[in-house]
Asks: 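Handing you this structure, nothing more for now.
All values reported here derive from a predicted model rather than from experimental measurement.
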Amino acid sequence: MHTLYRSLVIASSIAATPLANASLIDFQGEPVGTYAGNTTTLLVDGTSVRFSGLGLQIRDLTPVFPSESSRVLSSLHDGQEITMELLGGATTNSLTFHNWISGVYTSEVDTIFVQAFDVANSLLGSVTSSDEFINLNFTGMARITFDDFTAGDGYLLDDFQYTVTAVPEPATWALMLFGLGGLVSIHHRKRTVQA
């Protein structure tokens, strides 16, 4: 009986353990320009991530900052919200991103207002910061919004680092249940032989 109980505890803890991937989006491979429809969906380490917002674009800052060759995500103007969504039921518990202007173009400071929402679209929390790197730590983030209220030609975001917590696929659940069935069967046979 103890073997069966231990097997059930191990299997249930495996089932409850989220699948995790460390991910980075740096936009270096993305084409420069405004996105048609103000949205783009990127496949990052097996998870679809959608960015949307009025005037959403990729800017190449190399001509302006040659020593800082970089492509960044931007809005057309400040005060235009950018949304990042993890699709397919995926969530993250932490996100760090580069507030590019505050870190490189020091004659201007961009204060970024960030809100994090779960899969049910409930607000988990918010952060307002002008730091070069901004961190969010809220459990179960599925949608994150960014905004900057300083007048100007758009704020610049880069190097989104996060860990995806994916929902196990039906095939994974089926395999775990099949394994549990096998353990129960073995345990039952063992008891029958002992009797």
Asks: Distance from Glu85 atom CD to Thr39 atom OG1, nearest 0.5 Å?
Replies: 7.5 Å
Asks: So, do Ile82 and Leu73 sit near enough that their side-chain heavy atoms are less than 4.5 Å apart?
Replies: yes
Asks: Using 0.5 Å steps for rounding, measure from the CG atom of Asp147 to the OG atom of Ser126.
Replies: 12.5 Å
Asks: If you take all heavy atoms of Thr111 and Ser130, which pair is closest and at what distance?
Replies: OG1-CB, 3.6 Å
Asks: Measure the shortest side-chain to side-chain distance between Trp100 and Asp159 over non-hydrogen atoms and say whether it is less than 4.5 angstrom.
Replies: no
Asks: May I ask whether Leu56 and Val44 are part of the same hydrophobic cluster, defined by side-chain heavy atoms of I, L, V, M, F, W, Y residues being less than 4.5 angstrom apart, directly or through others?
Replies: yes
Asks: Which value, rounded to the nearest 0.5 Å, describes the distance between Phe146 atom CZ and Glu81 atom CD?
Replies: 10.0 Å
Asks: Can you see which heavy atom on Asp158 is nearest to which on Asp26, and at what distance?
Replies: OD1-O, 3.0 Å
Asks: What is the distance from atom OG of Ser122 to atom CZ of Phe117, rounded to the nearest 0.5 Å?
Replies: 9.5 Å
Asks: Give the intermediate values and the outcome of side-chain contact (heavy atoms from CB on, under 4.5 Å) for residues Leu95 and Gln161.
Replies: CA-CA 6 Å; Leu95 171 72; Gln161 297 181 43; over 6 Å; no
Asks: Using the side-chain contact (heavy atoms from CB on, under 4.5 Å) rule, take Thr40 and Arg50 through it: C-alpha gap first, then chi angles, then the decisive distance, then the call.
Replies: CA-CA 6 Å; Thr40 184; Arg50 180 171 53 218; over 6 Å; no
Asks: So does Gln80 get a backbone contact from the side chain of Tyr155, meaning a donor-acceptor N/O pair under 3.5 Å?
Replies: yes
Asks: Can you find a heavy atom in the side chain of Ile25 that is under 4.5 Å from one in the side chain of Val49?
Replies: yes
Asks: Please name the pair of heavy atoms, one in Gly154 and one in Asp78, separated by the smallest distance, quoted to 0.1 Å.
Replies: C-OD1, 3.1 Å
Asks: Before you tell me yes or no, could you show the steps for Asp45 and Thr47 under side chain to side chain donor-acceptor pair (under 3.5 Å), namely the whole-Å CA-CA distance, both residues' side-chain angles and the distance that decides it to 0.1 Å?
Replies: CA-CA 6 Å; Asp45 298 326; Thr47 301; over 6 Å; no
Asks: side-chain contact (heavy atoms from CB on, under 4.5 Å), that's the test. Do Thr165 and Thr92 meet it? Break it down for me.
Replies: CA-CA 5 Å; Thr165 306; Thr92 184; 5.6 Å; no
Asks: Going from CD on Gln28 to OG on Ser70, what distance comes out if it is rounded to the nearest 0.5 angstrom?
Replies: 4.5 Å
Asks: Begin with the C-alpha distance, continue with both residues' side-chain angles, and end with the deciding distance and a verdict on side-chain contact (heavy atoms from CB on, under 4.5 Å) for Val72 and Ile58.
Replies: CA-CA 6 Å; Val72 296; Ile58 296 293; over 6 Å; no
Asks: Are side-chain heavy atoms of Leu61 and Arg71 found at a separation under 4.5 Å?
Replies: no
Asks: Could you tell me whether the side chain of Asn99 and the main chain of Asp110 form a donor-acceptor pair under 3.5 Å?
Replies: yes
Asks: Atom OH of Tyr162 and atom CG of Leu24: how far apart are they, to the nearest 0.5 Å?
Replies: 8.5 Å
Asks: Looking only at non-hydrogen atoms, find the nearest pair between Asn38 and Gly55 and report the distance.
Replies: OD1-N, 3.0 Å
Asks: Have a look at Phe51 and tell me which of Phe97, Tyr35, Phe27 forms a ring pair (Phe, Tyr, Trp, His ring centres under 6.0 Å) with it.
Replies: Phe27
Asks: In terms of hydrophobic clustering (I, L, V, M, F, W, Y; side-chain heavy atoms under 4.5 Å; direct or indirect links), are Val127 and Met84 co-clustered?
Replies: yes
Asks: Is any side-chain heavy atom of Gln115 closer than 4.5 Å to one of Leu123?
Replies: yes
Asks: In the single-linkage hydrophobic clustering (I, L, V, M, F, W, Y; side-chain heavy atoms under 4.5 Å), do Val164 and Leu42 co-cluster?
Replies: yes
Asks: Quick check: closest heavy atoms across Ser48 and Thr41, and the distance to 0.1 Å?
Replies: CB-CG2, 4.0 Å
Asks: Please tabulate, for the side chains in residues 134-144, all donor-acceptor contacts under 3.5 angstrom to protein atoms that are two or more places apart in sequence or on a different chain.
Replies:
| unit_1 | atom_1 | unit_2 | atom_2 | d |
| --- | --- | --- | --- | --- |
| Asn135 | OD1 | Thr96 | OG1 | 2.7 |
| Arg143 | NE | Asn121 | OD1 | 3.1 |
| Arg143 | NH2 | Asn121 | OD1 | 2.6 |

Asks: Got a donor-acceptor contact below 3.5 angstrom from the Arg59 side chain to the Ser75 backbone?
Replies: yes
